[in-house]
Every structure is written in structure tokens, then in C-alpha cells.
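Shown next, in C-alpha cells, is the structure this report addresses.
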Amino acid sequence: MGDSLDPGSVAGAQEPAGWRVALAARWAQRLLDCSPEIRLAAAELQRELAKLVDELADALQNPSKAEESGRVVGERLVELRATGDHSLPCTLELIRECVVGESGVGAVGHLLQLLTSIAASYSAADRQRAEVRQRSTTQALLRADRERKASDARFREVFTSTPIGVAICDLKGRFAEVNPALTGILRHREADLLEMTIHDLFHPEEAAYLNAAYAELAEGGPGQRLRERRRLLRADGEQAWAYLAVSLLRDADGEPKHIVTMVEDISDLYLLQERIQYQALHDAMTGLANRQYFRTRLEAAQGNFPSDGVLTLYHLGLDGFELINDGLGHETGDKVIRAVAHRLEQLVENEEALVARFGGTEFAILISESPHTPAIPEFAALINEELSEPIYVGEHGIATTASIGVVRCTVAEADPASMMGAADVALRRAEIAGARQWELYDPDLAPDERSEAKLAAIMPGALELGEFEVCYRPVVDLASRGLISVEARLRWSPPGHEVLGHRSCQELAERSGVTLALRDWMLRTAWEQVAQWHRGGQRVCFLVELSGNQFRDPDLVALVRSVLDGGGLAPGWMHLALPADAVLRASEELLENIDVLRSMGVRVLLHGFSGSAQELRVLRRVPVAGVRLADELVELVHTCAEPEDPAVRAVRQLMPLMHDSGVKICTGEVRDEQQARGWAEAGCDFALGPLFGEPLAAWDAHQVLRAFEEPRSPLHDHD
């Protein structure tokens with residue numbers, strides 16, 4: 001359903017109050033269909049329910065009101081006589097349908113609290129109402145017993161017409177009379193019940209308690225009433241949850257004579273509560289425990305296992321699963337997820353273990369180790385061996401692998417939150433290492449991991465608050481030492497942390513999800529600064545390195561076009577450096593984007609160029625203006641003591657091949673004159689690095705630019 005009890009998330013075109021009216025109308029119609037005791041007209045009932053819808057909406061916006069609002073709703077439904085057999089289930093189902101979508105665990109727990117409060121309050125109010133009816137029925141039975149001859153017809157009508165099961169037994173529990181409602185609840189024929197005792201109906205796990213309670217009642221002791229929620233047995237052996245109201249009947253002389261048992265069937269309500277609780281603690285797709293239940297079981301392990309026992313937590317992330325969803329469809333992906341869940345359960349069927357799905361493509365396995373439990377490397381290998389067996393969906397055999405983070409500790413050391421956090425950290429490290437890898441949590445690396453996670457978490461807010469800065473450093477012609485352009489670099493000074501440079505900012509942006517927003521801000525800021533320098537007489541172009549995800553964004557061309565429209569400069573003053581490895585694997589659509597950028601006048605370069613055969617072929621296939629050598633390649637040359645070192649010769653041999661493709665070559669991190677001369681002799685065209693200037697803020701960079709000659713760029717002719 002598209003309805004929602006949260007006004008901020010309601011889909012559709014309804015006005016803010018429209019959805020509440022619609023929900024109240026649907027609710028009223030459902031209750032009228034299943035609650036014959038309601039005496040209100042449809043319109044009047046709808047007005048009453050609209051008040052309850054407002055109560056529910058307020059509760060879902062304010063978690064502290066959930067219990068009180070649930071009580072108000074439950075009690076009011078009983079007051080409205082919405083007490084048919086299906087009134088409560090249909091009410092809870094309607095609310096659940098309107099709220100539950102793709103919410104996280106916290107949201108489901110909040111909803112469960114509200115639904116449980118409604119069900120409990122409804123049950124209590126209905127039980128109180130039933131007790132009043134039961135007392136009335138009991139009083140009628142007592143009067144009928146004393147005045148049987150005068151009121152037998154009236155007693156019979158009450159006895160046979162009440163929806164509550166009634167049994168009259170002697171003091172030993174033998175049935176004297178039973179009404180039709182009781183035979184319906186217990187699915188016994190009346191004749192069969194009259195051959196039995198009340199004790200034959202008790203569930204085996206309840207029998208000892210109920211037998212003692214009935215015996216005490218038959219003796220006429222102080223406890224002459226019993227009000228309990230207990231289990232009875234139906235004729236087919238199925239258990240029935242019932243609310244029992246048991247009273248002692250005395251004769252005219254005040255002596256105990258009969259026991260009256262009233263039975264209200266609450267099985268549907270009990271099963272509904274069980275189902276809601278199950279849904280709150282289990283993954284809907286696989287039936288595995290969810291993250292919340294997994295953590296609860298992890299907490300329980302501390303009390304259920306010896307303190308010196310060993311717990312191992314495996315946190316799995318399926319590798320490259322988006323290829324299955326994108327290539328074969330999400331329905332196939334869902335089938336694979338269910339198959340993976342089943343295989344993981346089979347893998348630990350001989351262990352004291354719990355398998356959970358944390359959502360998406362992440363699973364977890366908690367094992368209480370025993371002497372026969374495989375060691376961590378062996379078990380990690382078993383997981384991937386099991387998953388690598390093809391899963392057949394239709395005519396396709398699909399296999400997958402998992403990256404795995406592992407945490408191992410004793411029960412005494414186990415802290416649920418810390419273990420789950422550590423396993424997540426280990427999983428991320430395994431994913432960085434590559435597909436089908438596993439990593440054991442290393443506490444020595446934990447501070448750095450936590451620090452990076454914190455920075456990634458606060459990065460969106462830092463961008464919103466303007467904490468980032470664009471710095472600039474010169475790109476110099478190695479032959480003339482003239483200024484070619486300035487490279488725009490990110491800089492961030494988080495509170496309480498050292499200054500972060502461009503690469504660190506880009507990596508954290510990928511983790512935090514703001515990589516595109518950060519790119520957009522950087523391009524606009526740098527372009528506005530270059531335009532300002534141009535207006536001041538310093539005609540300089542700028543270079544920006546983009547990450548793989550920033551390049552793969554289908555809106556890159558539209559962004560660049562909007563940036564160019566706002567600067568008043570010719571597009572040729574903008575140089576965009578794209579990652580060579582991303583261009584190497586680019587789709588035809590992305591390659592077309594490069595052509596569009598070039599047709600707009602923007603100069604496109606490649607960075608991270610290592611000189612592989614595949615990259616050299618890309619230079620011939622994708623026209624670019626220049627390349628920047630990979631930092632690893634540059635560092636390799638810088639660490640060679642001799643100019644005739646094989647590594648240096650190999651790099652020099654690359655230069656003619658790149659020049660033959662019509663590109664200019666740039667090197668980075670040049671620290672001294674010897675390195676600058678070496679690169680110039682090797683055939684490199686441009687360079688940047690500490691020798692020519694560190695990244696500086698815009699004003700300081702402005703002063704440095706004045707020290708260079710008139711900026712120029714051999715990459716192109718400026719307009």
C-alpha cells in the first residue's frame with residue numbers, strides 16, 4: 001500500500017489531511033464488515049476513527065507516546081463495540097500495511113511497540129468488558145440455580161446464546177452441562193465432553209497448575225475465583241489459548257456444589273502477537289534472524305555459555321552482487337539471496353550457531369566454538385566453496401563469493417556492540433583487499449578505522465557548513481619553467497584532527513556518499529576562482545582530477561555545462577583529468593560523454609597512467625590532450641639511484657609511445673632540480689610538486705602566480 005501514518009512520508013497527491021480521512025474511511029468499512037455489535041452509523045464511526053488516526057500519527061512521530069496512544073486506541077475500539085472476531089486482527093493488519101515498507105530495524109521496533117500496546121489494551125478492555133458480561137452471566141446462573149423453576153427459560157437463553165464457552169462441572173471436574181460456544185471453541189461434540197472431565201482439556205504443560213487451582217476452588221478455600229490466560233487442548237490435539245474465568249457455585253446452605261468455567265478463545269490474538277513479534281525479529285525474504293534479533297542472541301550468549309567459551313562472528317558481504325541484479329533482474333537476485341541463506345544454514349547445521357541477514361547482501365554467522373569447529377581460515381574457505389557452487393535459476397547457473405570479516409573472543413570478553421562493530425570494520429578491510437578475501441579483526445588498527453569512519457560520517461555536515469577549501473598548486477612546463485595551469489586540490493581541517501589532503505578527502509567522500517556533491521562544489525568553486533583571476537588580468541587555466549565514481553556519473557556532462565555557463569570563460573580553460581583505469585573499463589555511453597566534453601571545448605586528460613598495453617591502446621582509441629603518470633610509477637623512478645636503472649629505462653621508453661598518440665605527459669611530486677632535469681630528459685612535458693609550489697589557498701596562490709611568467713598552455717590555443 002502507498003498509505004503511511006507519517007504525514008512527512010505520505011505518497012501521492014492527497015492534501016496533508018486527506019490521507020487521514022481516507023484511512024479512517026477504510027478502517028470504518030472494515031470494522032463494520034466484521035463487528036456486528038457496532039451501533040454507530042458509518043459516517044459517525046468514521047468521525048470517531050479519524051480521532052484515533054490522529055492519535056496514531058502523533059505516536060509514530062513521537063516514540064515516547066507509543067504506549068499511551070496504543071492504550072487510547074485499544075480501549076476506544078472496545079468502547080465503540082468493535083469486538084468482532086476479526087476486528088482487532090484487521091485493525092492491526094491495516095495499521096501495519098500502512099506503515100511497514102522498507103524501514104530499518106528501529107522503525108519496526110517502534111511500530112511493534114505501538115501495535116503491541118493496541119493489542120494489549122484492546123485485550124484488557126475487552127476482557128474487562130467480558131468479565132462484566134461474565135459476572136452478569138454468573139449472577140444469572142446463580143439466580144437460575146436458586147430460582148430454576150421460575151427462570152429456567154431465561155437461564156437457558158443466556159447459557160446457549162452467549163459467545164463465551166460455559167461449562168458446569170461437579171467438584172471432581174465431571175461435566176454436568178456445556179453450552180454450544182464451548183463445543184465450538186474446543187471442537188468437541190457435546191456428548192463427548194459429557195463423558196470427560198475438565199482436567200482432560202488442560203494442556204500438559206498447564207495441567208499441574210490448573211489441577212491444583214481447581215482442587216483448591218472445590219474445597220471452598222479463600223480463592224473462590226480463577227482468572228487466568230491458559231492453554232487448553234482441542235479435540236484434534238491442537239492447543240487453544242483461552243482466557244479462563246472459573247467460579248464456585250454454592251447451594252442454598254452455602255456448601256460448594258458446582259464449578260462454572262467460562263472460556264474466551266484468544267488464540268487468534270495470541271497468534272497475531274506471535275506473528276508480529278516474529279516479523280520484527282526476522283528477515284522477511286529469508287526467514288533468518290535480522291540484525292536486532294542477532295544482537296539479542298549475542299547478548300544472551302554471555303549468560304548461556306561458559307565465560308571461557310569462544311565465540312566467532314563472521315560478517316559476510318556478497319561480492320559484485322549488483323551484476324546479478326542488473327544483468328538478470330532483482331527477482332533472480334532475490335532467489336539467489338534465499339539460496340545463499342539456505343546454504344549458510346546447512347553449513348552450520350552441526351554447530352551451535354546462528355545465521356542472520358543484516359539486509360541487502362550482508363549476512364552474519366555466530367558460532368560457539370567446539371572441538372570439532374573448523375579453524376577460521378578453513379571455515380572461511382568452506383563458506384566460499386559452498387557459495388561458489390552454481391545456484392540454478394531457470395536455465396542460468398549463478399555462483400557468488402563473499403568477503404568476510406571475522407571477530408573471535410571469549411564469552412567473558414564479548415560485548416555485542418563492539419563485536420558487531422569490529423566485524424564490520426574487518427569486512428570493509430576484506431572488501432578493500434578484493435573479492436573472496438577474509439580479514440581477522442586487528443585491534444591495533446581499530447583506532448584508525450574508527451577515526452576514518454567518524455570522518456566519513458561527519459563529512460556531509462562539514463560540506464554543508466562550508467568546512468572544505470579548494471587549494472591550488474602550479475603545473476609547470478619543464479622546458480621553459482613557465483606556468484601551464486593550476487591544479488585544484490581539496491583540503492579539510494576537521495575539528496580535533498590533522499589537515500586532510502585531496503586524496504584523503506576523495507577516499508572519505510566515497511565512503512560517506514558525498515563524492516558527487518563534493519565534486520560539484522569543487523568544480524564550481526575552482527571555476528569561479530579562475531574567472532576572478534582572469535578578471536584581474538591573470539589568465540590561467542585549471543586542472544581537476546576526478547575519481548572513478550565522479551567520472552562514471554551520467555550527469556557529469558550536464559554538470560560541466562552548467563558550471564561553464566556561470567563563469568563567463570571559454571571552456572578551454574577547464575582541464576578535467578579522468579582516472580585511466582576507469583576509462584579503460586568505460587562503457588560506450590561513458591566514452592561518448594568524453595567526446596561530448598571535448599566537443600564543448602573542455603580539455604580531457606587521464607591521470608594514474610601506468611603505461612600498460614591496455615592503457616596505450618586507450619590513448620589511440622580515446623583522443624585525450626594529456627596524461628599524468630601514476631604516482632607509483634613516479635615514485636619508482638625517484639627511488640632509483642642510477643639513471644640507467646632498468647626501471648628508469650623502461651619508463652623512458654614509454655614516453656615516445658605516448659607522444660606518438662599525440663598527448664602531453666605530466667609527472668607529479670617533483671621535489672628537487674635533479675628530478676626535474678631527469679624527467680625533462682626522459683621526455684616529460686609538464687610537472688608539479690614541492691619544487692614548484694605546495695597547494696595554497698586562493699589568495700596565497702594568487703601571490704605565487706605573479707612570480708611566474710604569463711600563464712600559457714601548450715595543450716591548446718586559448719580563445
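Here the structure is a predicted model, which means the values were calculated and not measured.
Formation of a donor-acceptor pair under 3.5 Å by the Thr296 side chain with backbone atoms of Gln292 is found in this model. A donor-acceptor pair under 3.5 Å is formed between the side chain of His372 and the backbone N or O of Asn350. Proximity of a side-chain donor or acceptor of Ser121 to a complementary backbone N or O of Ile118 within less than 3.5 Å is not detected. Side chain of His396 to main chain of Leu328: no donor-acceptor pair is present (N/O by atom type, distance under 3.5 Å, no hydrogens or angles). In this structure, Arg343 contributes its side chain and Glu386 its backbone to a donor-acceptor pair below 3.5 Å. Proximity of a side-chain donor or acceptor of Arg338 to a complementary backbone N or O of Ala341 within less than 3.5 Å is not detected. Here the side chain of Glu635 pairs no donor or acceptor atom with the backbone of Glu632 at under 3.5 angstrom. Panel note: side chain Thr525, backbone Met522; no donor-acceptor pair is recorded below 3.5 Å. A donor-acceptor pair under 3.5 Å links the side-chain atoms of Asp319 to the main chain of Arg436, judged by distance alone.
If you check the side chains of Glu615 and Ser610, you find a donor sitting under 3.5 Å from an acceptor. Counted by atom type alone, Asn384 and Thr401 present zero donor-acceptor pairs between their side chains at under 3.5 Å. Side-chain atoms of Glu507 and Ser504 form no donor-acceptor pair, as typed in the model, at a separation below 3.5 Å. In this model, no donor atom of one side chain and acceptor atom of the other lie less than 3.5 Å apart for Ser547 and Asn549. Between the side chains of Thr312 and Glu369, at least one donor-acceptor pair of N or O atoms lies under 3.5 Å. Inspection of the Glu669 and His638 side chains reveals no N or O donor paired with an N or O acceptor under 3.5 Å. Side-chain contact annotation: Thr515 with Gln506, donor-acceptor N/O pair under 3.5 Å absent. Side-chain atoms of Trp492 and Glu469 form no donor-acceptor pair, as typed in the model, at a separation below 3.5 Å.
Counted within 6.0 Å of CD on Glu464, heavy atoms from surrounding residues, nucleotides or ligands total 12 or fewer; the atom is thus considered open. In the displayed structure, Glu67 atom CD is contacted under 6.0 Å by at most 12 heavy atoms of other residues, nucleotides or ligands. A 6.0 Å sphere centred on CD of Glu378 holds more than 12 heavy atoms belonging to other residues, nucleotides or ligands.
With Phe294 as reference, Leu313 is the one residue of Leu313, Leu288, Asp283, Val355 to meet the side-chain contact (heavy atoms from CB on, under 4.5 Å) rule.
Interatomic distance, Ile367 CD1 to Leu311 CG, rounded to the nearest 0.5 Å: 10.0 Å.
Ala580 and Gly608 make their closest contact through CB-O, 4.0 Å (heavy atoms, listed as atom of the first residue, atom of the second, distance). When every heavy atom of Leu518 is checked against every heavy atom of Ala509, the shortest pair comes out as CD2-CB, 3.9 Å. Residues Arg473 and Gly689 share a closest heavy-atom pair of NH1-CA, 4.2 Å. In terms of heavy-atom proximity, Ser493 sits nearest to Val499 at OG-CG2, 3.4 Å. Heavy atoms only, all atoms of each residue included: Gly434 and Ser403 are closest at O-OG, 3.7 Å. Listed here is the closest heavy atom pair of Gln550 and Glu545: OE1-O, 4.4 Å.
The closest side-chain heavy-atom distance from Arg519 to Leu559 is below 4.5 Å. At a threshold of 4.5 Å between non-hydrogen side-chain atoms, the residues Leu605 and Val627 do not count as touching. Considering only heavy atoms from C-beta on, Leu591 comes within 4.5 Å of Ile594 through its side chain. By the 4.5 Å heavy-atom criterion applied to side chains, His607 and Leu578 are not counted as neighbours.
Classification of Asp631 and Arg628 as a salt-bridged pair holds, one side-chain N sitting under 4.0 Å from a carboxylate O. Remark: Asp424 engages Arg428 in a salt bridge, criterion side-chain N to carboxylate O under 4.0 Å.
Remark: aromatic rings of Phe358 and His315 are close, center separation under 6.0 Å. A distance below 6.0 Å separates the ring centres of Tyr314 and Phe379.
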Item to complete: Carefully, step by step, assess Arg489 and Glu487 under the rule salt bridge (Lys or Arg N to Asp or Glu O under 4.0 Å).
Response: CA-CA 6 Å; Arg489 308 278 290 181; Glu487 181 188 34; 3.5 Å; yes

